[in-house]
Visitor: 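Before we start, here is the structure in question, set down as structure tokens.
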Amino acid sequence: MLCQVTSNRYGDPSAVERTRQAFASGALHATSYARPGKLFTAHSSLTRSSVAALDRAALERVVEQLVGMLRRALS
């Protein structure tokens, strides 16, 4: 399962800002936004490389946003 990451917030209230400090390894060239509402699946063979990996705290923040969105959808 993958989450869209973009350099534009698009007015998405669930978007989680990611700065260079949010990565355990690698980095993106600009401040970026993880958009938990934009999930998709893809086979691992479609992935060519990895440019960065979120640190644990940043990943937990994205997961918290996703869980919150799912809870709101159920209520």
Side-chain angles (χ1 to χ4, degrees):
M1 184 177 293
L2 304 167
C3 173
Q4 181 188 51
V5 176
T6 179
S7 62
N8 191 330
R9 188 176 187 98
Y10 292 106
D12 183 348
S14 66
V16 180
E17 184 177 271
R18 302 291 94 202
T19 61
R20 289 181 184 252
Q21 295 79 17
F23 295 95
S25 65
L28 297 178
H29 297 291
T31 297
S32 58
Y33 300 88
R35 299 183 68 205
K38 298 289 185 173
L39 298 178
F40 59 98
T41 59
H43 191 272
S44 60
S45 66
L46 297 175
T47 303
R48 292 187 180 165
S49 65
S50 174
V51 296
L54 291 175
D55 65 22
R56 185 168 183 87
L59 182 57
E60 286 177 359
R61 179 71 179 117
V62 172
V63 171
E64 287 171 9
Q65 279 294 96
L66 174 59
V67 170
M69 291 172 59
L70 293 171
R71 285 189 174 136
R72 285 188 296 279
L74 292 173
S75 54

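If you're wondering where the values come from, they're calculated on a predicted model, not measured in any experiment. Count residues from 1 along the sequence.
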Visitor: Ignoring hydrogens, what is the shortest heavy-atom contact between Ala58 and Arg18? Give both atom names and the distance.
Guide: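 Scanning both residues completely, I find the closest heavy atoms to be CB-NH1, 2.7 Å.
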Visitor: When hydrophobic residues are tied together by side-chain contacts of less than 4.5 Å, even through go-betweens, does Met1 share a cluster with Val62?
Guide: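 No; tracing contacts between hydrophobic side chains, which count when under 4.5 Å, never links both residues.
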Visitor: Of all the heavy-atom pairs spanning Ala15 and Pro36, show the shortest one and how long it is.
Guide: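 It is CA-CD, 4.5 Å.
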Visitor: Using 0.5 Å steps for rounding, measure from the NZ atom of Lys38 to the OG1 atom of Thr6.
Guide: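 The NZ atom of Lys38 sits 10.5 Å away from the OG1 atom of Thr6.
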Visitor: Might you point out which heavy atoms bring Pro13 and Gly11 nearest each other, and give the distance in Å?
Guide: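 Smallest heavy-atom distance, with atoms named: CD-O, 3.2 Å.
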Visitor: Sequence neighbours excluded, which residues qualify as side chain to side chain donor-acceptor pair (under 3.5 Å) partners of His29?
Guide: none
Visitor: Let me check something: do Val51 and Val5 share a hydrophobic cluster, defined by ILVMFWY side-chain heavy atoms less than 4.5 Å apart, either directly or through other members?
Guide: yes
Visitor: Kindly say whether Arg35 contributes a backbone atom to a donor-acceptor pair with the side chain of Gln4 at under 3.5 angstrom?
Guide: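 No; judged by distance alone, with no hydrogens or angles, the pair does not exist.
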Visitor: With rounding to the nearest 0.5 Å, note down the distance linking CZ in Arg20 to OG in Ser32.
Guide: 10.0 Å
Visitor: Give me the atom names and distance for the closest heavy-atom approach of Ala52 to Ala27.
Guide: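 Taking Ala52 first and Ala27 second, the nearest heavy atoms are CB-N, 3.6 Å.
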Visitor: Are Leu66 and Leu59 grouped together when hydrophobic residues (ILVMFWY) are joined by side-chain heavy atoms under 4.5 angstrom apart?
Guide: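 Different clusters.
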Visitor: For the atom pair CG (Asp55) and CZ (Phe23), what is the distance rounded to the nearest 0.5 Å?
Guide: 9.0 Å
Visitor: Is it the case that one hydrophobic cluster holds both Leu39 and Leu70, taking links as side-chain heavy atoms less than 4.5 Å apart, direct or via other members?
Guide: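 Same hydrophobic cluster.
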Visitor: Is Leu28 reachable from Tyr33 through a run of hydrophobic residues whose side-chain heavy atoms are each under 4.5 Å from the next?
Guide: no
Visitor: Can you pull the salt bridge (charged side-chain N to carboxylate O under 4.0 Å, His left out) pairs that have at least one residue in residues 57-75, sequence neighbours excluded?
Guide: Arg56-Glu60
